Every structure is written in structure tokens, then in C-alpha cells.
Amino acid sequence: TGDVTYDIGFMNTAGTKSAITFIDGDEGILRYRGYPIEQLAQHSSFVEVTYLLIYGELPTADELEAFDNRLRRHTLLHEDLKGFFAGFPRDAHPMPVLSSAVSALSTFYQDSLNPFDKQQVELSTFRLLAKMPVIAAYAHKKSIGQPMLYPDNSLNSVENFLRMCFGLPTEHYELDPLVVKALDTLLILHADHEQNCSTSTVRLVGSSNANLFASVSAGINALFGPLHGGANEAVLNMLRKIKAEGIKPEDFMEKVKNKEDGVKLMGFGHRVYKNYDPRAKIVKGIADELLEKLGIDDELLDIAKRLEEKALADDYFVERKLYPNVDFYTGVIYKAMGFPEKMFTVLFALGRLPGWIAQWREMIEDPATKIGRPRQLYTGSPERNYPLD
Ligand code: CMC
């Protein structure tokens with residue numbers, strides 16, 4: 001096996017070429033299709049970024065309208081898929097509910113199985129983009145025991161999602177434009193991040209020619225882990241614990257630095273960014289602005305800021321180039337919006353969906369694609385004989 005390179009965690013192995021997202025981790029740069037994340041966050045919309053990631057160019061006004069209209073026509077879930085939610089325990093975490101329901105889309109849309117049928121892939125793309133927010137809202141409603149609302153196609157997908165999460169069939173739900181805008185921007189920030197764990201999972205599963213739904217469902221499961229998307233939930237749990245137990249930030253830092261019980265400063269560190277995560281900068285601004293405008297004074301935000309301040313001045317974090325990542329401040333915002341912790345990673349998944357789809361399509365369309373099949377360095381027993389007596 002002399003020709004095999006040992007690269008645990010794929011620290012240095014490019015498994016693909018890609019024209020979608022550019023990251024310079026040393027400089028803290030992130031661009032989708034060449035556009036800086038800061039400009040997209042300020043001037044674009046989630047639906048426009050979705051189009052950009054998938055088709056490679058910004059849409060014209062007409063293209064955007066046609067795209068959005070088509071999306072709105074695919075929001076309804078098959079009634080039998082709605083029944084699916086009844087089978088899960090009420091307190092189920094919505095992430096496995098989401099991945100299961102997305103996987104189940106292959107059973108309702110059996111025309112989706114051929115990944116090389118371009119028209120079907122296009123249809124699956126719209127179905128997934130339109131239905132996943134509805135599934136996510138249903139997973140939330142299920143967990144709080146409230147009735148599920150049908151989507152209202154006069155609303156865009158972000159508005160619809162908020163209404164389906166927080167509205168009731170018995171009364172009109174008034175959307176708060178500040179919340180809509182903040183969520184839209186957060187979704188843009190999460191929309192793609194080149195070959196991260198969940199995206200690589202989507203590509204790996206897809207490289208066997210599994211369809212889009214199966215591949216994205218696998219990606220959702222990869223995102224669930226606390227070292228990846230699950231970090232946003234873990235950050236809030238960490239902040240709550242620090243508050244509830246009255247731990248001083250400096251004492252908590254000592255625990256982290258001594259690696260006591262494997263405690264980490266969740267929401268810090270990144271495989272690629274060795275500088276401030278450009279998304280975290282924007283998220284921090286949104287946290288300040290939204291909480292102030294909503295008149296919310298959350299001690300958890302203060303604790304987070306104190307932790308950040310301490311970390312950025314501490315040799316342990318400086319030497320290891322550990323900075324806040326996108327997950328550090330998002331939880332405080334989602335909490336202010338009214339989402340329970342369990343929904344935080346679902347929100348990440350909704351944001352990442354266009355990226356997963358764009359990357360899966362790029363992989364399927366690339367004639368150079370081969371089935372993903374890493375090698376190993378065998379460390380087990382040499383050949384031995386099965387005992388006969
Ligand atoms: N708190 C304390 N120490 C840390 C942290 C942290 N959050 N992150 C890394 N380190 C230490 C780590 O212990 C190691 O120290 P040493 O050299 O003494 O062994 C050093 O920094 C290098 O870390 P690593 O674990 O080898 O780095 P990695 O590239 O394998 O892991 C990471 C990257 C994001 C998994 C890791 O930084 C981490 O676990 N962070 C906390 C979880 C988190 O916030 N994840 C979200 C990532 S960003 C968005 C997303 O992908 O979802």
C-alpha cells in the first residue's frame with residue numbers, strides 16, 4: 001500500500017474540483033460564485049443566493065421571479081407524508097425527523113431516482129427547496145403539540161417558514177419584518193461552505209449515483225453532530241449552563257484550556273479559518289441589532305461576548321488560531337426569534353440546502369466524477385488460521 005496517503009480527517013486532500021465557493025481561511029474570506037459574503041448578506045436575498053449557488057450566475061429580475069414562483073408552487077406536502085410525523089415520539093429531536101422525512105421524499109417521488117435525468121433533477125431541486133422548510137416547520141409543530149399549518153403561497157419561503165412555525169390556524173400571523181430580514185440574512189450566511197463534513201457526505205453518497213433526496217438526507221445527518229451544525233445548539237446549552245451554575249467565564253476558560261472532561265469552547269475554532277470567520281462577524285452584528293430592536297436584553301449574549309473577549313486575548317486560543325465561528329452567536333438570535341434549541345441545527349440545514357444541491361449537481365454533471373472510495377492503512381492481525389479443535 002505504498003501508494004496510499006494517510007490523511008486523517010482529509011486535512012490536505014481535495015476530493016473534487018469545484019467552482020461554487022471560495023474560502024481563504026488565513027485571510028477570513030468567503031465568496032459564493034465569486035461574490036463576497038459581506039455583499040451578498042447586505043444586498044441579496046436567500047432566494048437569489050439559492051439561484052446563484054445552483055445556476056452559477058445572479059438571476060435577472062424576471063428569472064428571479066420565475067424561480068420564486070415555481071418554488072411557491074411546490075410547497076405542499078403529500079398528505080400521507082404529513083401522516084409520517086405522527087409516528088415519531090413527541091419529544092423527538094427535529095433533525096432526525098427532518099432527515100427521515102427528506103429521505104422519505106424518494107418514496108413519494110419515485111420519478112426522482114435517476115440522477116442523470118436533468119429534467120427530473122430540476123424537479124427534485126424545486127421539490128426539495130420548497131418542501132424542506134415545510135417539513136422543518138411541521139417537525140417543530142409536532143414537538144410543541146400544535147396543529148400544522150398549510151403553507152401560504154402568497155409568502156416567500158422564509159416568511160412562510162416563520163408563519164408555519166409560529167402561526168396558528170385560529171388567528172392571523174403578523175410577520176415581523178425585522179425577524180424576516182434577520183433570518184433571511186442568516187440563511188444566506190449558511191448557504192454554502194465548500195467541502196465541509198455534510199457537503200462532502202452529500203457528494204460521497206451522491207457519487208454512488210444515489211438520488212438527490214437520499215444524498216441530502218445523509219448530509220442532514222452529518223450536520224446533526226455537535227462538531228458541525230449541531231454546534232449552534234451546543235453553544236446555547238453551554239451558555240445556559242454557565243449562567244445557571246454561575247460559572248465565571250475565566251473559570252470556564254481554565255476548564256477548556258485544561259481540556260477537562262473534553263470541554264471545548266463550542267462555537268470556536270474551524271478546520272479552514274485560522275482567522276475571524278467572516279460569517280461570525282456579520283452574525284455578531286445581527287445579534288446586537290436584532291436584540292436591541294426587539295428590546296431583548298439577554299444575559300447569554302453578554303456571557304458569549306465575555307467569553308469571546310477572554311478567548312481572543314488568551315495564548316491558548318491565539319496560538320491555535322481559534323476564533324468564533326458562524327455558530328457562536330446564531331443561537332442567541334434564534335432564541336430571540338422564539339425558536340427552541342432543538343430547532344437551531346434545523347435552521348442551519350435550511351440555510352445549507354442550496355449549497356448541498358449545488359454541490360450535488362456539480363458532482364453529478366462532472367464527467368470526471370468517480371465513486372468516492374477512500375483507502376485505509378490496515379492495522380489488524382496478519383493472516384491466521386481458523387482454529388479447528
Ligand atoms: N475549544 C477548545 N479547544 C479547541 C477548540 C475549541 N472550540 N477547537 C479546537 N481546539 C484545540 C484542539 O483541542 C487542538 O488542541 P491541541 O493542539 O492542544 O490538541 C487544536 O485546537 C486544534 O484543533 P483540532 O480539533 O485539531 O482542529 P480541527 O480542525 O480538527 O477541528 C473543529 C475543527 C471545528 C471541529 C474544532 O475547532 C471544534 O471542535 N470546535 C468546536 C465545535 C464547533 O464550534 N463546531 C462548528 C464548526 S463551524 C460551522 C460548522 O461546520 O458547523
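Just follow the structure's listing: the first ligand is 1, and inside any ligand the first atom is 1. Predicted model, so just to flag it, every value in this text is computed and none were measured. Just so it is clear, the values below take in all heavy atoms, side chains as well, and ignore hydrogens, waters and symmetry mates.
R271 N, 3.8 Å is the protein heavy atom nearest to atom 33 (C) of ligand 1. Of all protein heavy atoms, the one closest to atom 20 (C) of ligand 1 is R320 CD, 3.7 Å. Looking from atom 42 (C) of ligand 1 to the surrounding protein, the closest heavy atom is M266 CE, 3.6 Å.
For atom 28 (P) of ligand 1, a protein heavy-atom neighbour is found at a distance under 4.0 Å. Counting protein heavy atoms under 4.0 angstrom from atom 40 (N) of ligand 1 gives one or more. Distance screen at 4.0 Å: atom 23 (O) of ligand 1 has no protein heavy-atom neighbour inside the cut-off.
Between G267 and ligand 1, an N or O atom pair is found at a separation short of 3.5 Å. Checked by distance only, ligand 1 and V263 stay at 3.5 Å or farther apart across all their nitrogen or oxygen atoms. Checked by distance only, ligand 1 and D327 come closer than 3.5 Å through their nitrogen or oxygen atoms. At least one N or O atom of F268 sits closer than 3.5 Å to an N or O atom of ligand 1.
In summary, R203 and E362 engage in a salt bridge, as defined by a charged side-chain N under 4.0 Å from a carboxylate O. Under the 4.0 Å criterion applied to side-chain N and carboxylate O atoms, E308 and K305 are not assigned as salt-bridge partners.
Among all heavy-atom pairs drawn from A280 and N325, the shortest one is CB-O, 3.5 Å.
F88 pairs in a side chain to side chain contact (heavy atoms under 4.5 Å, CB included) with only one of the listed residues (S143, P96, S100), which is S100.
If you number the atoms of ligand 1 from 1 as listed, the ones under 4.0 Å from a heavy atom of L265 come out as 1 (N), 2 (C), 6 (C), 7 (N).
The aromatic rings of F166 and H140 lie perpendicular to each other, with more than 60° between the two planes, well past the 30° mark.
H193 and F348 have their aromatic ring centers separated by at least 6.0 angstrom.
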